[in-house]
Amino acid sequence: MNGAKSLLQDLDDAIARGTDESRARALWHATDLLITGRYVDDEISMFGEVIGRLADEIEVAARVQLSELMSACDHAPLNVIEKLAFDDAIEVAGPVLRDSTRIAEKVLVESAMTKGQAHLLAISQRQSIGEAVTDVLVKRGNQEVVTSVARNEGARFSGSGLLHMVRRAEGDSILAEQLGLRKDVPRHIFQQLIAKASEDVRRRLETERPEMMAQIQSSVTEVTGDLQSKFGPSSRSYFVAKRVVTTQYRQGNLNQDSIASYARQHRFDEVQIGLSLLSALPVDVIERALMDRNREMLLVLCKALDFSWDTTMSLLFLGAKDHLITARDLQDNEREYGRLKIETSRSILKFYQSRKNSAGADSASGRQPELQVH
């Protein structure tokens, strides 16, 4: 410690008294000592003070060289890394923004919020990027930056960041495909992406992500008539229920309250016909949503209709075996329901509608109205 301190003091004195040439020699000497030696934090901090002072007085070409050396040093002084990261010249900032493991996330966030697109692109190419950083990149970055971060397997996205990416992917087939290829995109986000993507992108993703597309096709129920009404669509009670609920719908009286009331009374036919009319989805799709052990589609449907959690819970109990749900499952469903966004759910619902309409399926009313919220 004392030896390093004495050496750095000598370097500091040389800086104060020396010429530009001697200062440059002192910089590279101090840098070589730092890189090749083993020092404790206090000593590294001292090196940082000396190197930082010298870095202020050297030309861009020398700062570029310093940045390349510091970006590969796993014990580079933090003040030097930060100074280089905020350099206006991307040739200087780029190496540390891309490669340094010493750079703090808050520095990356601030750089992404204040610097130009070249700096954002360098950050997007890091081996690992946290959610706080990607949130800024997807909002401020241009097409090249956003595509780069979508392609980066080491990037992590928040839910809002992914939704922002989906919105930006509209009309951008390259970004849509890169986002669709990510393994960490949850199914409900993937569904929204597919709903907005071009036919070419859908075909490519069907080839690249067959397992995800298969899950979506299962949810959409491409094969019509694979489930019959719980009480039989040809039964008298079903047609009575259809006539009553359809009349209620045409008079503008079919709403969340009536659906909740039907659910609490275990009137399955009225519920599925009513939901079919409100959502513009065929009855067989509604039935699958109500009865499927995977409750995701029902939660998306309820969120798209802007139903309260109490109404949603009534529908979950209606479709559950023996109308029973464990407390833990109910808590999980409530948490998942709280995370869903109305805008996202409605986009998914419109995708369901378009897929079923293209397959020529009929809704309970014999028409396909637009999604209505009551």
Side-chain angles (χ1 to χ4, degrees), residues 1 3-130 133 137 141-142 144-145 148-149 152 154-155:
M1 178 71 176
K5 186 174 183 179
S6 175
L7 175 60
L8 289 171
Q9 183 62 55
D10 291 343
L11 283 170
D12 207 29
D13 292 341
I15 293 169
R17 299 193 305 269
T19 63
D20 289 345
E21 185 178 348
S22 66
R23 290 191 184 100
R25 285 199 302 269
L27 169 65
W28 301 126
H29 182 48
T31 302
D32 287 342
L33 289 173
L34 172 68
I35 292 174
T36 58
R38 300 183 65 179
Y39 304 99
V40 298
D41 289 343
D42 286 345
E43 292 171 329
I44 292 172
S45 179
M46 291 179 188
F47 272 104
E49 292 178 17
V50 173
I51 294 173
R53 282 184 59 191
L54 289 165
D56 288 334
E57 303 182 32
I58 58 177
E59 299 296 328
V60 170
R63 295 204 307 277
V64 171
Q65 185 178 352
L66 178 64
S67 179
E68 291 171 348
L69 291 170
M70 291 294 99
S71 67
C73 180
D74 60 7
H75 54 278
L78 298 180
N79 70 307
V80 175
I81 289 295
E82 185 170 338
K83 184 188 295 288
L84 294 168
F86 286 121
D87 199 298
D88 289 335
I90 185 57
E91 300 88 349
V92 177
V96 295
L97 291 175
R98 275 190 301 270
D99 301 319
S100 176
T101 59
R102 295 281 285 170
I103 193 167
E105 184 172 68
K106 66 178 183 179
V107 174
L108 292 171
V109 169
E110 187 175 350
S111 176
M113 291 178 66
T114 59
K115 295 297 182 179
Q117 295 299 319
H119 288 67
L120 272 64
L121 182 61
I123 296 171
S124 76
Q125 296 166 345
R126 290 181 61 80
Q127 185 174 4
S128 177
I129 315 175
V133 181
L137 294 179
N142 60 18
E144 185 180 14
V145 170
S148 174
V149 76
N152 188 336

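Residues take their numbers from the sequence shown, with the count starting at 1.
- Summarising the geometry of Ser124 relative to Ile129, their closest heavy-atom pair is O-CD1, 3.5 Å, with the distance given to 0.1 Å.
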Just distance, no hydrogens or angles: give the donor-acceptor pairs under 3.5 Å from side chains in residues 70-85, sequence neighbours left out.
from	atom 1	to	atom 2	distance (Å)
Ser71	OG	Ser67	O	3.2
Ser71	OG	Glu68	O	2.9
His75	NE2	Leu34	O	2.7
Asn79	ND2	Gly48	O	3.1
Lys83	NZ	Asp56	OD1	3.1

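- Of all heavy-atom pairs spanning Leu120 and Ala112, the tightest one is CD1-O, 3.4 Å.
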Could you pull out every donor-acceptor pair under 3.5 Å between side chains of residues 92-100 and any protein atom, sequence neighbours left out?
from	atom 1	to	atom 2	distance (Å)
Ser100	OG	Arg102	N	3.1

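- Nearest heavy-atom pair across Glu105 and Gly130 is OE2-CA, 3.6 Å.
- For the atom pair CG (Leu137) and CE (Met113), the distance works out to 11.5 Å, reported to the nearest 0.5 Å.
- Looking only at distances, no side-chain donor or acceptor of Asn152 sits under 3.5 Å from a matching main-chain atom of Ser128.
- Taking NE2 from His119 and CG from Leu108, the interatomic distance works out to 12.0 Å, rounded to the nearest 0.5 Å.
- Shown here for Phe86 and Lys115, the closest heavy-atom pair between the two residues is O-NZ, 2.9 Å.
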Check step by step if side chain to side chain contact (heavy atoms under 4.5 Å, CB included) holds for Val145 and Ile123. CA-CA 9 Å; Val145 170; Ile123 296 171; over 6 Å; no
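- Between the side chain of Gln117 and the backbone N or O of Asn142, at least one donor-acceptor pair lies under 3.5 Å.
- Residues passing the salt bridge (charged side-chain N to carboxylate O under 4.0 Å, His left out) test with Arg63 are Asp87, sequence neighbours excluded.
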